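Reading through the structure tokens given below for one structure.
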Amino acid sequence: MSVICVIGTGYVGLVTGTCLADLGNTVTCIDIVQEKIDRLKKGILPIYEPGLEEMVDRNVQAGRLRFTTSYPEGLENSEFIFIAVNTPTGNNQGGADMRYVESAARSIAENLDHYAIVINKSTVPVGSGDVVSRVISNNLKSPDASFSVVSNPEFLREGAALLDFQNPDRIVLGSSEPEAAHKVARLYLQLRAPFVITDLYTAEMIKYASNAFLATKISFINEIAQVCERLGADVKQVAIGMGYDKRIGHSFLDAGLGYGGSCFPKDVRALAHMADEAGLHPQMLRAVMDINHDQRRLVVTKLNNLLGSLRGTTIGILGLAFKPNTDDMREAPAVDIIHWVTSQGAHVRVYDPVATETGREALVRENVKLQDVTFCKSAYDVAEKVDALVVVTDWNEFKSLNMQKIHDSMHRPILIDGRNIYEPSEMTRHGFTYRGIGRATNPAPSVLPSEDTTSEIPEKMAQESLIASES
Ligand SMILES: NC(=O)c1ccc[n+]([C@@H]2O[C@H](COP(=O)([O-])OP(=O)(O)OC[C@H]3O[C@@H](n4cnc5c(N)ncnc54)[C@H](O)[C@@H]3O)[C@@H](O)[C@H]2O)c1
Ligand SMILES: O=c1ccn([C@@H]2O[C@H](COP(=O)(O)OP(=O)(O)O[C@H]3O[C@H](CO)[C@@H](O)[C@H](O)[C@H]3O)[C@@H](O)[C@H]2O)c(=O)[nH]1
């Protein structure tokens, strides 16, 4: 088992540190925010992530996991040092802000007094491994210090982070020193995942290309949704029909209000910026971003079409977080939607199962006037006397609501299903004026044939083609 230091206690750092401790290693997590560390020492987590609190507690109790703001304390005897700090969009036309990574690298250099492998988990522009190397080399203080740099991009999803760490689809390691990459691989052997061991630049690019591809799938299906809506097809069933093709797959084909969060928006922007800087014209990435922006606006367009004007209306919003099972509000569609709707004179009633506080802070940051927003205790509370209800986040809780009760408490029964979580025909039966994203008004229910009936399909098709050939 190894001695590990993890720098940054956000989504990636805290999950990585805790899971590595759970695998039996001794881990110290460093953060520069004193309040975060003080709270972590008391067992209070800075983020909501299912299962994490129990795992942190278990490993702290076992003496394998601790928290500090002190670099000398965190780096002491560490064989592996993970950098997991934030790389938000900077001020340079979408490029990633490397300030925090560089500052972490400088602090490593100033406090390292032995050999260690520095592993970068933050999502960083291609070439950043060299920057980290240079910053550390230029600032080393101890004559006994030396290091290798490995890139190890992270692919976990918020809300499923522990499961993703423990069951990765692959582990990517990039380095100009293959021996160092192999040592890092040994940390992950228990996870039994395929390894991709490559050079630094390629590893860094794999992360951006993966996120950009997933974002492209989402914008693609959202564009198809718009066409479906015009032509009367149902995007949900189109996605099912497409997904059975193994080359396409079912995942990331949920049409809706588009992607948000701390990764896809900033990473697609950063990749486009890198391409721009390299003298290229990343037109597909630009289209992905444009489509994503337009999806959020759809809600406001649909509301205006149905209500005439929003002035003086009350709009119910279900969900604040950018996706279910997290309280993360970074680039959450809810913020833009509430901003636009309140600027057009509507009052908003809103409920999220966990993101109330982070949601309130995000709205304040975006200059939404809080007197225009009522924070409710439940979805039923939100629906009271509203002129329309909008589903913004696809929390499971919203999928099993008593929709008749919701309908009966609304002033006008307009339901905009921004995540396509309801069946249009069922909602129409309850009396709603229902609008999904790219949904036909009354499609056949999206129920797949059972295994038994699928086996009948080829026979039926064979009969039909026989009839066709006979006639
Ligand atoms: N959030 C995700 O789901 C996810 C998944 C994969 C990759 N990533 C990438 O991982 C990186 C971290 O993302 P995150 O969401 O965990 O960020 P975050 O903002 O949640 O956490 C970053 C943490 O680093 C701390 N920090 C900043 N500078 C520091 C320094 N010099 N020394 C010590 N601590 C410092 C901050 O105080 C903060 O607690 C980003 O590059 C992101 O793109 C994120
Ligand atoms: O079919 C889909 C799938 C997702 N989304 C939206 O896309 C966003 C991102 O979802 P998801 O990928 O589940 O969440 P993240 O936690 O942002 O994870 C992504 O970003 C991380 C940070 O880089 C990567 O590590 C993960 O692999 C990558 O999935 C959310 O707003 C979702 O609502 C859709 O609109 N339609």
Side-chain angles (χ1 to χ4, degrees), residues 5-17 29-37 40 46-47 49 67-71 74 82-89 96-108 120-125 128 152-161 164-165 168-170 204 207-208 210-215 217-222 225 235-236 239 243 249-268 270 292 295-296 319 321-326 328 330-334 392-395 418-420 437:
C5 170
V6 177
I7 301 174
T9 59
Y11 287 88
V12 172
L14 191 55
V15 168
T16 303
C29 295
I30 304 181
D31 206 288
I32 38 169
V33 179
Q34 184 71 51
E35 192 197 340
K36 242 182 207 184
I37 294 299
L40 276 164
I47 52 168
E49 183 61 43
F67 302 100
T68 182
T69 50
S70 154
Y71 268 86
F82 283 87
I83 299 179
V85 301
N86 35 330
T87 49
T89 300
D97 186 346
M98 283 289 290
R99 231 176 328 162
Y100 305 96
V101 172
E102 287 176 24
S103 154
R106 210 167 302 114
S107 302
I108 292 170
N120 184 42
K121 252 200 180 304
S122 296
T123 304
V124 290
S128 298
N152 172 212
E154 178 54 60
F155 299 96
L156 63 79
R157 291 160 303 164
E158 291 180 20
D164 284 350
F165 183 95
D169 288 339
R170 76 304 207 182
E204 289 165 347
K207 175 64 193 175
Y208 280 110
S210 302
N211 271 4
F213 182 76
L214 293 170
K217 260 186 125 177
I218 297 171
S219 281
F220 175 85
I221 200 67
N222 280 333
V235 75
K236 212 159 170 167
H250 287 290
S251 62
F252 279 74
L253 287 180
D254 291 330
L257 299 179
Y259 59 80
S262 66
C263 293
F264 287 173
K266 84 167 170 67
D267 291 348
V268 179
N292 197 56
Q295 285 309 111
R296 296 179 181 196
F322 83 96
K323 64 179 265 190
N325 298 322
T326 180
D328 197 343
R330 288 178 282 185
E331 308 224 19
V392 176
T393 316
D394 42 343
W395 282 96
R419 296 292 176 184
N420 288 345
I437 306 293

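This structure is a prediction, so every number in the text was calculated from the model and none was measured. Quick note: residue numbers are just sequence positions, from 1. As the structure lists them, so they are numbered: ligands from 1, and atoms in each ligand from 1.
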For [atom], tell me which residue out of [options] has the closest non-hydrogen atom.
{"atom": "atom 31 (O) of ligand 2", "options": "Ser210, Gly260, Gly159", "value": "Gly260"}
{"atom": "atom 11 (C) of ligand 1", "options": "Val101, Val33, Ile47, Val85", "value": "Val85"}
{"atom": "atom 1 (O) of ligand 2", "options": "Leu214, Asp254, Thr123", "value": "Asp254"}
{"atom": "atom 28 (C) of ligand 2", "options": "Tyr259, Phe155, Phe264", "value": "Phe264"}
{"atom": "atom 20 (O) of ligand 1", "options": "Ala84, Cys263, Gly13, Gly10", "value": "Gly10"}

Give me the residue, atom name and distance of the protein heavy atom closest to [atom].
{"atom": "atom 10 (O) of ligand 1", "answer": "Val12 CG2, 3.4 Å"}
{"atom": "atom 41 (O) of ligand 1", "answer": "Thr87 OG1, 2.5 Å"}
{"atom": "atom 33 (O) of ligand 2", "answer": "Arg419 NH1, 3.4 Å"}
{"atom": "atom 30 (C) of ligand 1", "answer": "Tyr71 OH, 3.7 Å"}

Counting each atom of ligand 1 from 1 as listed, which ones have a heavy atom of Lys36 under 4.0 Å away? 38 (C), 39 (O)
Is there at least one pair of N or O atoms, one from Gly261 and one from ligand 2, spaced under 3.5 Å apart? no
Does ligand 2 come near enough to Arg157 that some N or O of the ligand is less than 3.5 Å from an N or O of the residue? no
